[in-house]
A.B. asks: 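Pasting a structure below so you can have a look.
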Protein chains: 2
Amino acid sequence: MQEVDRIITGGRILVLNEKESHIRDGIVAIDGENIVAVGEKKELENRYIGREIIDASGCLIMPGLINCHNHAAMTCFRGIADDLELTDRLNNYISPAEAKNMNEEMAYWGSMLACAEMIKSGTTTFCDMYLFEDETAKAAKKAGMRCLLGEALFDFPSPNSQTPGEGLDYTRMLIEKWADDPLVNIVVEPHSLYTCSIDLLKNAKAIADRYNIPYATSLLENRGEQEQLFRKFGNSPVAFLKDIGCLTERFIAFHCVSMGEEEINLFAEHGCKVVHNPGTNMKLASGVAPVPDMLNAGITVGMGTGGCAGNNNLDMFAGMDMAAKLHKVHRLDPTVMDAGTVVRMATCEGAKALGLGNITGNLIPGMKADIIIIDLNKPHLTPIYNEFSHLVYTVNGGDLDTVLINGKIVMRDSQLLTIDENEVMERVKEIAVRIRKSLGSTA
Amino acid sequence: MQEVDRIITGGRILVLNEKESHIRDGIVAIDGENIVAVGEKKELENRYIGREIIDASGCLIMPGLINCHNHAAMTCFRGIADDLELTDRLNNYISPAEAKNMNEEMAYWGSMLACAEMIKSGTTTFCDMYLFEDETAKAAKKAGMRCLLGEALFDFPSPNSQTPGEGLDYTRMLIEKWADDPLVNIVVEPHSLYTCSIDLLKNAKAIADRYNIPYATSLLENRGEQEQLFRKFGNSPVAFLKDIGCLTERFIAFHCVSMGEEEINLFAEHGCKVVHNPGTNMKLASGVAPVPDMLNAGITVGMGTGGCAGNNNLDMFAGMDMAAKLHKVHRLDPTVMDAGTVVRMATCEGAKALGLGNITGNLIPGMKADIIIIDLNKPHLTPIYNEFSHLVYTVNGGDLDTVLINGKIVMRDSQLLTIDENEVMERVKEIAVRIRKSLGSTA
């Protein structure tokens, strides 16, 4: 008998091997940060003894979800600008709200609120792009969440940097500061091709190369951006990225809505990663990314929610439902984006997209114990014929019972253990009062 | 001071007048089945005294949701046939499962499970079309839910009737039996124009006319049905319905995906009602109903989930999110289907579509007290700038605290009071074992 820190026992375990399947009555053995064993209870119960037992009877045990695109602190702007024309939304709501309110305090408490929401709805890893990301890192660290964070880089001043050079310096600081952290990882993040000069893109790439870390940007989010970039580069923006050496396996592109066959082939050829954000793309009327074509081409596609100023929530279960249904109705084909494919996008494929595929996103011995437990004993989850179907089409963000990240329990019985959620909500409500005032009569 | 049975106090109250708004600190006074007063706390607290006080501090008080299209007992088939071609789905899964398993027992317990799920996710009224609907009526009555139910009528035998005549007789029985019930209402429901003969459609309409009740059918659910019906009638099926006198204010059409300008105009001219089912339409890849055009034409459009063999869940909050986002991305216009419009579709407009607009769907003195209370004190509902935005884009089916129907509390502190949910889940699990066996190796 091997003694381990924790054993999760008695539930169905989701299996993401070559094919999707499940173990009906399984055990996950965890020691320290790591998964030690996963298998049938009858095979493992005489091999492992746990110092702590987590009874998951009647529950589904699965890898934590990977939210591959977020602007965490924008929880503070949740719902200030819905259902508006894009320029009205940006010029009269988001930009002024940001200019007047975005600072270290909002970054920290907004990110902490995002962590609370994400853990409660089953996300264990998130990728973030916003401002004052050191505060987001501190919040994630306090919450015990795994993350890949980057400061948004622009040609123009942001609330956190007056020049592109300052943004790059801040990025270098993040990389050095968090180099050895078990949870916080850093990504270099030029905001987009329409807000960054070619020099800035090249300098960002150089930093990512020097430290051998990922670099990420928003790309071809809608038709307007597509037209603008083709004018700017006189060519496909993806071909331009290839020319300056940006198409590598460490390149992560968010959105990729207005992508054609040529761009998909270039991405596939160079092993670039895509992050699909169905909720944001739908709510902002950006269009429908050709995700089934990307998957057919062999591209690794993860999934994200986007930030709360766009999509309004960080619930990856809602996102999975959207992803499955959007492409079916768009292609008039009920067989595309089947439930297994969508669950993979939200777990193991998402982890691969972020360069964390050996660390998280699956329940495999040797990987970190990022695990969520869903209580299936609810009317809307009864009966159950297929776990993958339930996860995509029926489970919602309120169905989580227990969440472990890096071997540590961060939520138990639906109660957060690392975050004082009442304090966080109070602090954000205070910030929201100021945001409302700053927008005067426009909100 | 007037003494009333119940007072809900201390929360925000959603107001659906000409414009959408809210009362920040309000009171709803309820006596017997009825809403007696709705208004500011400071104005009403000295006029009404409640024998029972429901403290809704920090909550949102709003009309219960109206699920205008369901096949309640199909909860038993939740997830047996996802991501499949339509004929494969129907011929190899749904039809055989139904032929072998659909009986009074499944109708009752499947409907009871649906009621549990609906109440827990904030639905207080549902419209149903399926088989053995007397069992669904009994379940709704036991659960304390308001409903509009009809037996699905076909030209061919169903598990509950060998001939169209038997189906019509069963419908007459339902009408007579439930005539004076405060909660159960009956609708005449020929299944569709492609499964009913012209005689059956006319006979169904005659019964609806005789009793002055609504009649409803699925109509133009996808392009295949559209092509089939144009061939069958040599004309628009809606023009045909007009010719046989079916276009009236009591006519409710489900889906209406493949509807053109001519059909929309005919519907508007005759006051016919439409029920939009975004989740089902997306998952089954049926297409996108022209809902914004219908609303512009002045048609009353309600919203439904469809049954759990199609959409897999009965969560109207998920449906609202889908409805808002689907049309935005489909039209590449972020301003269509704004949050206020969508909330109306799920409440007052839905009630009007079912002919219950004077009874439920809004918080107005004289109407029945069908009220839901949502706990806003949660990370994903913080901060709050706009209630309508939250309801559509952020609230999920797990956020309900209290539900009243017809003046009676059916859920309190998220606990069902009229249904033993463990018993219901056990009964449906037993039925599901038989369903799984009946499908042999195909499920």
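Chain letters run A, B, ... following the sequence lines, proteins first, then strands; residues in each count from 1. As the structure is a computational prediction, the values presented were derived from the model and not from experiment. What you see below is based on every heavy atom in this structure, not just the backbone, and it leaves out hydrogens, waters and symmetry mates.
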A.B. asks: Do D321(A) and M322(B) make a side-chain contact, defined as non-hydrogen atoms from C-beta onward lying under 4.5 Å apart?
C.D. replies: yes
A.B. asks: Need one label for E421(B): side chain, backbone, both or neither, based on atoms under 4.5 Å from any heavy atom in chain A.
C.D. replies: side chain
A.B. asks: Of all the heavy-atom pairs spanning N312(B) and T394(A), show the shortest one and how long it is.
C.D. replies: O-OG1, 3.4 Å
A.B. asks: If you measure only the distance, is there a donor-acceptor pair under 3.5 Å linking the side chains of K325(B) and N311(A)?
C.D. replies: yes
A.B. asks: Check the side chains of D82(A) and S389(B) for a donor-acceptor pair under 3.5 angstrom, ignoring hydrogens and angles.
C.D. replies: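 Side-chain D/A pair, S389(B) to D82(A): present.
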A.B. asks: Would you sort out whether H330(B) and V329(A) count as a side-chain contact (heavy atoms from CB on, under 4.5 Å), showing the intermediate values?
C.D. replies: CA-CA 10 Å; H330(B) 183 61; V329(A) 76; over 6 Å; no
A.B. asks: State, yes or no, whether a side-chain contact exists between H380(B) and N313(A) at a heavy-atom distance under 4.5 Å.
C.D. replies: no
A.B. asks: Would you indicate whether the side-chain heavy atoms of P379(A) and V424(B) approach each other to under 4.5 Å?
C.D. replies: no
A.B. asks: Give, as side chain, backbone, both or neither, the part of A339(A) having an atom under 4.5 angstrom from any heavy atom of chain B.
C.D. replies: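 Contact with chain B is through both the backbone and side chain of A339(A).
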A.B. asks: Can you see which heavy atom on Y385(A) is nearest to which on C76(B), and at what distance?
C.D. replies: OH-O, 2.5 Å
A.B. asks: Counting only non-hydrogen atoms closer than 4.5 Å, does R223(A) touch chain B with its backbone (N, CA, C, O), its side chain (CB onward), both, or neither?
C.D. replies: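 Just its side chain gets close to chain B.
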A.B. asks: Can you name the closest pair of heavy atoms from D83(B) and M337(A) and give their distance?
C.D. replies: OD1-O, 4.4 Å
A.B. asks: Report which part of T335(B) has an atom under 4.5 Å of a heavy atom belonging to chain A: side chain, backbone, both, or neither.
C.D. replies: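 Both backbone and side chain.
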A.B. asks: Give the member of P334(A), A116(A), A318(A), G79(A) that has the highest number of heavy-atom pairs under 4.5 Å with chain B.
C.D. replies: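 Ranked by contacts with chain B, first place is P334(A).
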A.B. asks: So E117(A) and K378(B), do their side chains get closer than 4.5 Å, heavy atoms only?
C.D. replies: no
A.B. asks: Can you tell me which portion of L326(B) sits under 4.5 Å from chain A's heavy atoms? Options are side chain, backbone, both or neither.
C.D. replies: both
A.B. asks: Heavy atoms, side chains only, cut-off 4.5 Å: are P383(A) and V428(B) in contact?
C.D. replies: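 Of all side-chain heavy-atom pairs linking V428(B) with P383(A), at least one is under 4.5 Å.
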